[in-house]
Amino acid sequence: MPELPEVEVVSRGVSEAFAGRRLTRVVRRCERLRWPVPAGLEAQILAGPVLRQVLRRGKYLLLGFDAGTLLLHLGMSGSLLHLPAGAPPQKHDHLDLVFGDRLLRLHDPRRFGAALWCSDDVTTTMATHPLLVHLGVEPFSAAFTARHLYEASRERTVAVKQFILSGKAVIGVGNIYCSEALFRARIHPARMAGSLTLPACRRLVQEIRQTLADAISAGGSSLRDFVDSRGEGGYFQLQHRVYGRAGQPCPVCATPIRVLKQQGRSTFFCPKCQRRANH
DNA sequence: AGAATAACCTGCGTGC
DNA sequence: TGCACGCAGGTTATTC
């Protein structure tokens, strides 16, 4: 479910609904997600229970409480539901953060997500936590430039699709938006990363930003639906141009969209619009 | 060091 | 109806 745009939408939703509010109860139903959920989590958060700020780094969410920072990741299948306090838990509901009459519930069937506690504040956690400190450049930061992508990709023989997913040049771009951005930039996904020209890097940087921004806007338009109940409302209305559309006509040239497997993951592209060579 | 692979999980759709 | 299989939005650890 969550790539950067979805996490951003969730982050904004949580901030709007809960920033400044006092946590009243924590219920942990799951011992391990990707890593063990810390045993003393409840007591640690409740030692300083006001939620001060909510930040995103890559696909991580940071919930800054007075006592420290709750680090969340939604993995492949995670969602954060905003429900009335006392809503009966369903299967795969792993963690409740109760703020008086409302609660935030972490739901994650595949359990690739994470919930970790760090006693530092959000800023320090962002800068020093082992899972965050080595993360690369944010796509909306000033550091994500064509020149940066160009330099980072030199000598790389790996396919550009995999290079973007690797997080070496930019973070937060997942499998869906990587296909979408490469399509918009008219770059073949199997092209060697090191063969990208500076103009190609310029297009890719631009289109990664634009694709993510469009997705955030689409999610934001039904943010309330997303956060309130069904959990999937926000981004499915996003118009995918190639992702999941194998065999359907390219929206630009009507050539059938193709799918290929790269490192076990599906990539969708238009064989006519996205050429391997030059520019 | 870069690149490929395995691993962690559950659920859903498909085809036999 | 049951079962095997492949597939799914992510990331880390291991191996070559």
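These numbers come from the heavy atoms of this one structure, side chains and all, not from hydrogens, waters or symmetry mates. Keep in mind that what you see is a predicted model, and the values were worked out from it rather than measured. So that the names make sense, note that chain A is the first sequence line, chain B the second, and so on, each numbered from 1.
Under 3.5 Å, the side chains of A:Asp120 and A:Thr125 contain no donor-acceptor pair of N or O atoms. Side-chain atoms of A:Glu207 and A:Tyr177 form no donor-acceptor pair, as typed in the model, at a separation below 3.5 Å. Looking only at atom types and distance, the side chain of A:Thr211 has no donor-acceptor partner in the side chain of A:Glu180 under 3.5 Å away. Between the side chains of A:Lys261 and A:Thr267, no donor N or O sits under 3.5 Å from an acceptor N or O.
For the pair A:Arg56 and A:Tyr60, the cation-pi test (distance below 6.0 Å, angle within 45°) is failed.
Atom P of C:dT14 sits at a distance of 15 Å from the matching atom of B:dC9, rounded to the whole Å. For the P atom pair drawn from C:dT12 and B:dG11, the interatomic distance equals 24 Å after rounding to whole Å. Taking atom P on both C:dC7 and B:dA6, the two are 15 Å apart, rounded to the nearest angstrom.
Aromatic ring centres of A:Phe18 and A:His82 lie closer together than 6.0 Å.
Within a 6.0 Å radius of CZ in A:Arg22, other residues, nucleotides and ligands contribute 12 heavy atoms or fewer. The neighbour count for A:Arg28 CZ, taken as heavy atoms of other residues, nucleotides or ligands under 6.0 Å away, is above 12.
Computed from coordinates, the A:Gln263 CD to B:dA4 C1' distance equals 5 Å when rounded to whole Å. Between A:Asp108 atom CG and C:dA8 atom C1' there is a gap of 13 Å when expressed in whole angstrom units. Distance A:Asn175 CG to C:dC7 C1': 12 Å, rounded to the nearest Å. A:His92 places its NE2 atom 20 Å from the P atom of C:dA8, with the value rounded to the nearest Å. Here B:dC9 presents its P atom at 13 Å from CH2 of A:Trp35, a figure rounded to the nearest Å.
Under the ring-ring contact (aromatic ring centres under 6.0 Å, His included) criterion, A:Phe268 pairs with A:Tyr243, not counting sequence neighbours.
Paired runs in DNA chain B that reach 3 or more consecutive Watson-Crick or G-U pairs, where each pair keeps both distances under 3.5 Å, cover B:2-8 with C:10-16, B:10-16 with C:2-8.
For A:Arg34 and B:dA7, the shortest distance from a side-chain N or O to OP1 or OP2 is not below 4.0 Å.
Residue A:Arg110 has its side chain nearest to B:dC9 when only B:dC9, B:dT5, B:dG11 are considered.
Within residues 153-162 of chain A, no residue is approached by DNA chain C to less than 4.0 Å at the level of any non-hydrogen atom.
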